[in-house]
Each structure stands twice: as C-alpha cells, then as structure tokens.
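So you know, we letter chains A, B, ... as the sequences are listed, proteins then strands, and number each from 1. Please read these numbers as outputs of a predicted model, since none were measured by experiment.
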Number of protein chains: 2
Amino acid sequence: MGKRQVYLEDIPLEEAVARWWAALEEAGATAPLPGEPLPVAEALGRVTAEAVWARLSSPHYHAAAMDGYAVRAEDTRGATETTPLRLRVGTQAIPVDTGDPLPPGTNAVIKIEDTQLIAHHASRKSLIANRLSQVAARPSSIEILASVAPWQHVRPMGEDMVASELVLPANHRLRPQDLGAIVGSGHTTVSVRRRPRVAILPTGTELVPPGSEPRPGEIVEYNSIMLAAKVEEWGGEPTRLPPVPDDFEAIKDSVATALDTHDLVVVNAGSSAGSEDYTADVFRELGQVFVHGIAIRPGHPVVLGLARGKPVMGIPGYPVSALLTFDLLAGPLIARWLGQPAPPRPLTLQATLTRKVFSPAGEEEFLRVAVGQVEERLVATPLPRGAGVLMSLVRADGLVRIPRFSQGYDAGDTVTVELLRPSEAIRRSIVVIGSHDLTLDLLADRLAQHHPGLRLTSAHVGSLGGLLALQRNEAHLAGSHLLDEKSGEYNVDYVRRLLPGRRIVLLGFVTRLQGLIVLPGNPKAIRSLDDLTREDVSFINRQRGSGTRVLLDYELKRRSIDPRHIQGYERQEFTHLAVAAAVQSGTADCGLGILAAARALGLDFVPLLEERYDLVIPAEHYESELLQPLLALIRKPEFGAAVEALGGYSAAQMGRVLAKLEEDGNGGTI
Amino acid sequence: MGKRQVYLEDIPLEEAVARWWAALEEAGATAPLPGEPLPVAEALGRVTAEAVWARLSSPHYHAAAMDGYAVRAEDTRGATETTPLRLRVGTQAIPVDTGDPLPPGTNAVIKIEDTQLIAHHASRKSLIANRLSQVAARPSSIEILASVAPWQHVRPMGEDMVASELVLPANHRLRPQDLGAIVGSGHTTVSVRRRPRVAILPTGTELVPPGSEPRPGEIVEYNSIMLAAKVEEWGGEPTRLPPVPDDFEAIKDSVATALDTHDLVVVNAGSSAGSEDYTADVFRELGQVFVHGIAIRPGHPVVLGLARGKPVMGIPGYPVSALLTFDLLAGPLIARWLGQPAPPRPLTLQATLTRKVFSPAGEEEFLRVAVGQVEERLVATPLPRGAGVLMSLVRADGLVRIPRFSQGYDAGDTVTVELLRPSEAIRRSIVVIGSHDLTLDLLADRLAQHHPGLRLTSAHVGSLGGLLALQRNEAHLAGSHLLDEKSGEYNVDYVRRLLPGRRIVLLGFVTRLQGLIVLPGNPKAIRSLDDLTREDVSFINRQRGSGTRVLLDYELKRRSIDPRHIQGYERQEFTHLAVAAAVQSGTADCGLGILAAARALGLDFVPLLEERYDLVIPAEHYESELLQPLLALIRKPEFGAAVEALGGYSAAQMGRVLAKLEEDGNGGTI
C-alpha cells in the first residue's frame, strides 16, 4: 500500500486558470456585466458600460476668454503702446467679461490690460463693479495698446468638445476629470457596469467570530473580512455570509441560496481536515468541478467549478493561501466582468536574496520578501513561509515567484520582486535586523507617527544573525544583546570579531530585565536562580546559542550553580513565548525570559537579571540622512520614558554612543 | 499710465506652498487628524491613528499543521518506507487534524500520508468521517514511513504573531491583509484618522446646475463634482455646497458657515471677472491671505489663506486650472492630515515631443500630452493647452512640466512625462492622427468594448498633419481625405509625395457626405452649389487648405461656378462646427460641412458631395500584432452597418485595401 492520494489534481496555475475559464466562457459566465444608470456625482471609480457621447458642445457659444473688449481683429492692426489706436465703445469695441458670448460681428477680444479709457480713468475694480451692477458709466472710446489676431482670447464654440463626439468609450474607469467631462457634455447620469456581487462563505466547525476569546482548537474567522475587502478594492460588492460548520447539507444550502443573487460564490474552507472535500462535493452536486488542487504554494487545495451557470470557487483556510489564491483567481474574473483588462502586472525590481531558499520542485512558490535599500543595493529577505503567517503578507514589500521546476535560490542570487508597496516606500525604509525586542516595535510606531512615510522594518534573526547581516550589507542597523562570557561585556567583542575593518557605532538602547516566568501568584515561591535546583521545581530552558541561554549559563557559572542539579535544564524551547507556554501548560514550573512573554500569557514574572540590548550601526549609516530622524527620536527623553513605562526596561543608556570602532579595529567603550 | 496690475503676486509654486504651509503650521492647522474607532470590516483604505498591538497570539496554542498523528519526534527516528516503525495510537501517536492543539508531551506531527493503519485499512475519507462523527473505531497501532524533526508540521504558538507585538504602526493605510491581522490579533475595532472634511463652494452668477440647457453666457457647474471626487480619492469627505452668485456677503456667509464644520474650505471662483477678488476679500475679512496669484499655467489666480484657524483656498474657474491647482495644493494637505507622506511623485518616462511648444517665461506650465509608443519609440503629442479644455485632461496620458524660466521645447526634444495612466495602457494604445471623423470615435468605442485594455487614441491635426506625423513615425495610422485636384483621386498622390520610400497600405474606411448646413426647414430653399451664387444667399467658407475647402473649390471648378459670385466666399471658419454656428447665428445662410456638425446644433443639412476618408497605414504597423484586433473589427459587417446607421456615411469600401505602395514607390490602386 502506497502513500495516500490527497488531492485530485496538481496542475500548474496557468493550466488551471485556462481550464476553468474555458468552461466559464462556454457557459457565458465571463461576459461583462450590464450597465445601470447612476448620477454622475456618484460614479467615481465605476466603469462605463457604454460610450458617452457629447450632447452639448462646450463652450456652446463663442466665448470671451479674457476680460476686455470684443473687437474685429482687423480694426486693431498696427496698435502698440507707443502708437495706440482709438476704438468707439459699443460699436467697434464691446465690453465683455471672461465667459461672455462674443457679440455678432466680432472675432477677437482685446485684454483690458491692453486698453486705456479715454472718458475717465476708473480703476479696474470700479469698472468691474460698474459692469456687475449694470450701472453703465461707460467711456465712449478706448485706446488700444496692442493688436490682436482673429480668434485671439476667444474660446471658440466646441473648443473643449463638440456635440456628438466621443467623450469616453465603454469600459473606462471613471476619474474625477471624466465626471466633469460627462456633466459638461450635457449628461446628469452615466451608465456604469453593475458591481460584480461576490458571496464569501466561511466554513469550518472550528471558526469563532471576531472578538471571541478563542479556546485551543478554535480559530477567529477573519478571512471573510480580507476577501470582502479585496472584492471592494476590485470594484465588486461583497457579501460575507454567516460561517457554516463542516456539514455537507448546510454548506450546500448556503451555496445554493447564494448562487441566486451573486455572480460568484467563494467557499473558504476551514483549515481542518476534509473541509475542501465538502466544498468539492457540494460543487459537484450543484454543478461541475474543473480543478481541484493547483501546483502553487501556498494555496494548493483550490477547487474551481461552475454551478447553475455561475463560477464557484473553493479556497483554502490558511489566511495567506486564501488571500493569494483569491487574488490570482478571482481578481481577473472580476476585472473581466467590469470590462477591464486583467489586473496590471505589478511593478518589479531586481534585488539580491539574503538567504538560501529551498523550494520543492513541482510547485510554483510565492515567497514573501522584505526589501530594503542599503546604500545603492536592494536586498530581499525571505519572510516566514508558512501559509498561516499572515504577518508575512502584512510585512511583505513584495513577492518572489519561484518557478515550478526550480529548486529555489541561493543566497546572493538576483531575484525579481513583484512589488506590494511603492518603491518610494522601500527607499524610505530603515532596515533593522537581529534580535527582536518589543521596544523596537515602539520605535517603529513612533517613527511612523512623527515621520509619515519613513518606515522601520525589522527582521528577527537573532543577535548573531543581525551582525552577520551587517557583514553582508543587508541592513542599516542591528539589535544585539551578545554577552561575551569571558569579558562579561556586551556586543563589543562580537562586533570586533564579526565586522573587522568596519567603522561601527555601538549605540545604547535599552537594558532589559530577564526573569523567571512563573504561574500567576508564583505558587512555588520561586525567588532566585538558586531556587532552580530545588527538588520541587522544574525548569524549561532556551536553546543553546540564544542570548538568554548564554546569560543563564554565565550567571549560573558566576554563582557556581551546577546545571546538572536543575530539573529540565536539557529541555529547550526556541522562543520566549514558547517558554511561557510551557509554564502555562504546567510542563514546567518556570523558565527564564522577558516580562513581555509572561504578560502575553497572563503569567507572573520574577525579575532577576539585567541585560544590555544595543544598536550596532555601521558608521556610514549612522551618518546617513536616512537615519537622522531615527537617531533624533531615540534621543528624545520622552521616548526613553515611554520605553520605561512598558515595564521591564531601563532607558538610562538610550541614545548614548557606547563605543566607536574604527577601520583599524581601534576604539572601544567610551 | 502703464498696464494694469491684475494679480497681487506672481510667485513660484514652491514659494507659494512654503509661505502658506508656514502660516498653517504656525496656526497648528497641519496636525494629523484625531482617531475614531471603526469596526475593522469597514476600515479598508482608512489610516491608523495609533499603533495596533497584538492582544492575542496567533496561533494561541501549538497547533497541528497537518492531518496525522502528534508524536514525540524522538520516537520516529530511523523510520523510512522500507523500515517502518510501529507506534501505539493514543499514547505514542495521537490522531490530530490540522488546527488541533498539540497534546502535551508531543512535539511534532507525522502526516497521515506517511502512516499506515495496522488495525484495518480504512480509506482516508471514512477515517475523516469517523473522526468528525466522533465514532472511535480507531486502529490500535500505526506504522510510520518517515521520521519527523522536533516541531515539524507544527505551528508553534505565536508563529504568526505574539501577544503584545506591533501589528501595525500608526499612519498606515489599511489593506485587506491588515484587516485580517488586526482581527487575528484580537481586535474588533481599529482607531483610524477621521476623514478630512472639505467644503467646496462654487461661486459665479453664470453657473447653472448639471442637466440644464445653458444659454449663451451660462456655464454648467461641474467643477465641484470633480473636486469632490478628488477629495474622495484622497480619503477625505467632501461637501458640495450650493453655488453662490457673485455677491460678497453671500460668499462670506457661506464660507463662514462652512468653516464651522470643515477642515478646509475651497472657493471655486467662476471664470467671470472679479470672482477671485471676492474670494480674496472674503478670506481677508474672515482671516488672512498669504498668496494671491501663483506663477503656474494653467492655474494662475489662486488664493491661499487662513481663516478661523483653518486653511481656505480659492481656485480658478476653468476646469483644468481648478483640478490642477487643487491637486497641487489640497492634495498634500489632506495627505498630511491623514498622517501620510506627500502624494508619491508620479511615474515618469522619457518621450520625444512631436511639436514645438512655446511657453512664456515666468510661469511653470503643466502641458498635457498624449503619449504613444510607435515601434520602440515613445512620442508625446501636446494636447490643447487652454485652461477650459477639460478633454485635454480626459485624453492626457501624462503631464510635461515646462520650468518657469524655459521658453518651451522644440519638436524632437526629449521630455520627461509624468504619467497619468499606467505605462501598460500606453503600450496598448493605437495612435491615430490626422483628420478627425466621428466614425473614428465609434471605432474607438468598439475597440474598448471588444478588447478591454486596448485603446484608440486620436489627435486631430488635419489630413496633411496626419501624413506628416506618419513621416516622422509618430503614429500607427492616419485618417485622411486629401483630394488631388488634378487626378480627382483621394490620398494616393499625397502619400506618394509625402511618404516616399515607405511601404504603405491605403485602407478604405468611409465615404462621407458633405453638404450645405442650413437653418431648420431650409427657409431659403438652398438645393445645390449653384444656389450659392443667388443674390439672397450668403455663404460662410472653411479656411484655405482644409479638405472641405479643397473639395468645394474642386467642385466649383468642375461646375464652372465663379467663386467671386458667391457672397461670403472670403469669410472663413476653421471647423465644421464654427461653420454651423455661423449659420445658426444668422451670420450666413449656409456653409459646406458634414452632417454631424449640422446635427450638433439642430440645423438642417442638404447632402451634395461625397468624399472618401481612408486610413493610411505604414505596412509595418498594418502587419503588427497591435493593429490586428482593430483591422478585424473594421472588417466586421456589423461595424460598417453601425457606421451607416449614423447617417451621412457609406461603408462600402470599409476594410478594403485600396492601394499598396512599395518602397520603390510602385503599386497603387488595386
């Protein structure tokens, strides 16, 4: 007995789309939607369903384009400032304001600035006042100081548009100027394509509504909010149907009902087992399935069908998969219904990949990357690849497509990035890499608050990873808390070793408390590292090489505590939060970590040790224009105060230059 | 006495903006707007007013990432397909579905595909059904066919986000994935910046509402619709106030009332004289004016002030000026209120200017251009420059900024075009240049209907201008109706003369009727060209060199009619519509023109002559992929039928190759 077949098919994206569209086209389900009349003022962003033809010309008469006098151009020939010509007002020169109809027999306007009154020297303003009040104390003659050509300073009838001409073709997305042109050409309504109606049905017994306090195994349903927002962005009209548990009949009923009033029904299967099978079976019972399983990653278990003459689509439950497949498959369909070309290809740029990415052959992968510009070099750092890591899409600056028959890319390869943000935003991003700390998040928010458009993007690769990234010129600065076990000094030794020959500024940031994470109320009354050797106390450790582990071992040694006497010293977790989770679940009585991790799970915290978390900044970046707003912000006392208000931090060193390393390796703690 | 001073100032754009912003900043009027809580599902496109911090971790427990069995990774070491290992179900291997919490003591999941049941061989589906129905007919043991590493196929707690971490900073415009992340991190509402409220007040006694039949001197008010749409696009909340006539007190009252409830009040002065003066005076009475008159074109008479602590802005009445100045001046302010950086600089491209553009030094000009790609070359054709020609903004593909101290550009100069359309749209544009005809508009609409994304853009430069444009490789095809007076043949002789050495296809398009445009009912009973010499009939002519004039002279000669006997033969107009307008106004009894011009003004038409209007297409374009959809459309009988249904046209030659000219000048009528 071999491995079990899980998906019906595993076909390339292009082929899946082609197969589905062929069926939809045959069923007439891809025709642009009909028009509906709409008041022009409400039609921004809508798409014309038919051409708009001008009903009126604009201007609809020959109009004066200046304030002055309508004249026959021939009468002005030869006039200059030194040889003015005199014209009789009322017959040879008829006063006109901008926009007035040109009196019959005249064919040009002479600007008021090019005339002189003869009868009396009124100021321009009083002249205007006279005109407007129709009190005609007009001069009987004027002198003109310049000649005009025929039709000069005249807006001829139809200059803007001529009745019967094409104002806008069909299938045009309306912009502000288009609305003006439609009204100007004599219309008050415009026929626009009906918005495509898309029903989104979340399914899954594990789903709970937004705002719930989910229990283990429960998932807060938010995919439908994202998918509805996508539909809105595309110009469609989304309906979020109430979630349905994993029940064949219930799903079938909901899909069938939605088909009556929608153009597309999307079933967003829960991530639990068998959900997609229900979707496919429901579609088969109501119609046909053409595709079940596409060779893309994330996003594999997609179902594409046709039911009651309308397209139906099943997309996977993981949020990244859901959004990506919806984008790829529903986007073009909605564009077609709106008479629009396929969504434009995103802008791309070439960047250097910072890490090796292995991708299983056979699936096209959509890798999310953060892109940073370090000096003139663009670097793309892969973000977490899990289909459930929505933050990878929130943080992503772009996507790298890894083709189906590629095994991936090596670090240093040049890759094409499809941008998800304007390249301007990338140019204005400060890339911080290394160990993560909550205060960096605070800094990122403050930067966005005080300097709109300037961004702090952070990648969490640990302190050592951060210094290595600086070595490869992939970041502007790194957050680091590397304790040298020999010197007991933070970061300086590591920087010397890993960044030789570089000018580096070590900038003080925070001193943070590490402590023991314990159950609420600290039932075992754990007070110090010495308590770890108690027989009734079990411990959960961090992985070897992590800063917290280095700190623990350093302190144990200093205190002559033998790790072999600590129950659980060999059990290790990879994050602060995992340590807290182990304590919460009762697997261990305590673990070493930071206050924030304890707080995140509502646990108690016994502060024990201080560690320094510095910013390591190559001098060229420290001195760059890009970083100055950040440095200024760090040095504001109010930022330090906000950091300390978080609890668990001291900001005493914040913004101080702790060391300056020169190219020759000299320099050091100041 | 010198020329009169019309504007208070004439200062460069940057300086005007700087002066105004300095005053606004001092008054605290540029601070980002406060936040308001909004349900997440309604927050697409809104901007965060404060950071969003995760309240929950996601996942909030260690979750199985696959359907299969939760195991201790250590127990699976060494298992392969050929050397399977046996695990006891319930103790060593606990069945889990994707999303289930990982049972305590386990640290990995082995995929169901990598296992074999021992007790009985159930299909996967029945296994799933069993699980879901909680009927536990479970095997007592499984064989595993692969080993797993610790945490493999597990989504560790916090993989996506960790409670307390930053989900989104302030001043972030919310996208679909952001909405998901906010809900996933435990929130149901989000604090977003209040929408900036912008009041738009049209002023001018000449204004009439949309849908009116305007009389000479009246203007349909549509600027407020365009400006409101702009505000909407920027994320603000526009209020279109009822238009106010040119009355100081009325304007003042309306502005003062609007200031109570809006962040910005914009007075859109009518184009008639003195309107801006009212605006400036109103602003002065309610507050202060900092700028009155900016050195840009179009757009000069701008008023920038501050009243009751809020910015006020007066913008000119011509639609292009209104939209352009509003874009330049209000756009950045609204961005600032929303905590956004200044609107991103538009994408640009370099193109070759097709015509000389003279620009008066001292003003920065924003020239609208159509951009076409002819083979690999990008060409920018200036559009009409009048501030009243809104269609120039509708048709524009981009703007060329002519700096303040430049005199303009020469034909052939390379210019930087700020794009108003995606460059994709430009690449997919068929550029037709030459004489304009209504049927080209019909063709443009049909093309947009049947080939979304493909565009026909036309520039109207007359038949001769079109052939010259082809000579310079500035268009894909030209519409031409050039009658050779000697041969009586259309176009061929001109093409031979103007495009020597080029392979050209002359494609039949329409034969159109020229006739005499007369008053409704044809009161003077004008029936033929012979009637033009009647003593009671006056004529209005077209300008020398126009196709219609050539046709008239050719026919008069053929009929031996002496032009000197035609009253008004020497009076000339430049467009069909101007001829019709002259007839309508009674200046002349008749003029030669096309049916559409007569119809546009509700006049009668006496059909007299036929003329051929062909498409002149260089062979390389005729054979190009770009043009094939157009050629196919032209050859569809239904298009010919639609053309004939317009009236005044015959489509008998439509789509026929009338002549093919080879490089050696050979070839000719087929």
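Proximity to chain B (any heavy atom under 4.5 Å) is restricted, for A:H172, to the side chain, taken from C-beta onward. Contacts of A:A63 with chain B are absent, with no heavy-atom separation under 4.5 Å from either backbone or side chain. A:L577 touches chain B through backbone and side chain together, each having a heavy atom under 4.5 Å away. Both the backbone and the side chain of B:L442 come within contact range of chain A, each with at least one heavy atom under 4.5 Å from a heavy atom of that chain. Contacts of B:L338 with chain A are absent, with no heavy-atom separation under 4.5 Å from either backbone or side chain. For B:H451, no part lies near chain A; criterion is any non-hydrogen pair under 4.5 Å. Residue B:P319: no heavy atom, backbone or side chain, is found under 4.5 Å from chain A. In this structure, chain A has no heavy atom under 4.5 Å from any part of B:A335. Proximity to chain B (any heavy atom under 4.5 Å) is restricted, for A:R215, to the backbone atoms N, CA, C and O. Contacts of A:L390 with chain B are made by both backbone and side-chain atoms, with heavy-atom separations under 4.5 Å.
The greatest number of non-hydrogen atom pairs below 4.5 Å with chain B, out of A:A54, A:G184, A:S212, is found for A:G184. For the set B:A448, B:P169, B:G180, B:A170, the count of heavy-atom pairs under 4.5 angstrom toward chain A peaks at B:G180. Comparing A:R455, A:E424, A:E159 by how many heavy-atom pairs each has under 4.5 Å with chain B, the most go to A:E159. In terms of non-hydrogen atom pairs under 4.5 Å with chain A, the most contact-rich of B:A600, B:P216, B:G453, B:P101 is B:P216. Your options are B:V167, B:N223, B:T575, and the one with the most heavy-atom pairs under 4.5 Å with chain A is B:V167. The residue among A:L179, A:L393, A:T587 with the most heavy atom pairs within less than 4.5 Å of chain B is A:L393. Per-residue heavy-atom pair counts under 4.5 Å with chain A were compared for B:E218, B:R336, B:R599, B:R345, and the maximum is reached by B:E218. Chosen from A:E213, A:H62, A:E232, the residue pairing most often with chain B at heavy-atom distances under 4.5 Å is A:E213. Contact tally against chain B (heavy-atom pairs below 4.5 Å) for A:P210, A:A444, A:P214: the top residue is A:P214. Considering only heavy-atom pairs separated by less than 4.5 Å from chain A, the leading option among B:P176, B:A229, B:G211 is B:P176. Contact count versus chain B (heavy atoms, under 4.5 Å) is highest, among A:H187, A:E233, A:M161, A:Q340, for A:E233.
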CA sep, side-chain torsions, deciding dist, call: A:E206, B:D97, side-chain contact (heavy atoms from CB on, under 4.5 Å): CA-CA 11 Å; A:E206 73 282 11; B:D97 289 337; over 6 Å; no

Verdict with reasoning, B:D160 to A:Y318, per side-chain contact (heavy atoms from CB on, under 4.5 Å): CA-CA 11 Å; B:D160 189 3; A:Y318 280 128; over 6 Å; no

Worked verdict on A:W151 versus B:E573 for side-chain contact (heavy atoms from CB on, under 4.5 Å): CA-CA 10 Å; A:W151 301 104; B:E573 292 285 358; 3.4 Å; yes

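Of the inter-residue distances, the one linking B:Q177 atom CD with A:L420 atom CG reads 7.0 Å to the nearest 0.5 angstrom. Distance check, rounded to the nearest 0.5 Å: CG of B:L102 to OG of A:S585 gives 10.5 Å.
Between B:A181 and A:M391 the shortest heavy-atom distance is CB-SD, 4.0 Å.
Not a single donor-acceptor pair under 3.5 Å links the side chain of A:N171 to the backbone N or O of B:P452. One N or O on the side chain of A:R155 and one on the backbone of B:G388 form a donor-acceptor pair closer than 3.5 Å. No donor-acceptor pair under 3.5 Å is formed between the side chain of B:D100 and the backbone N or O of A:G217. Put simply, the side chain of A:H60 never gets that close to the backbone of B:I219: no donor and acceptor are under 3.5 Å apart.
Side-chain atoms of B:I182 and A:Y222, non-hydrogen and from C-beta on, never get closer than 4.5 Å to each other. In this structure, B:V394 and A:R175 have side chains that are in contact, with non-hydrogen atoms separated by less than 4.5 Å. Between B:E50 and A:D445, the closest side-chain pair of non-hydrogen atoms is not below 4.5 Å. Using a 4.5 Å cut-off on side-chain heavy atoms (C-beta onward), B:W53 and A:D441 make contact. Within the 4.5 Å cutoff, the side chain of B:L438 has no heavy atoms near those of the A:L166 side chain.
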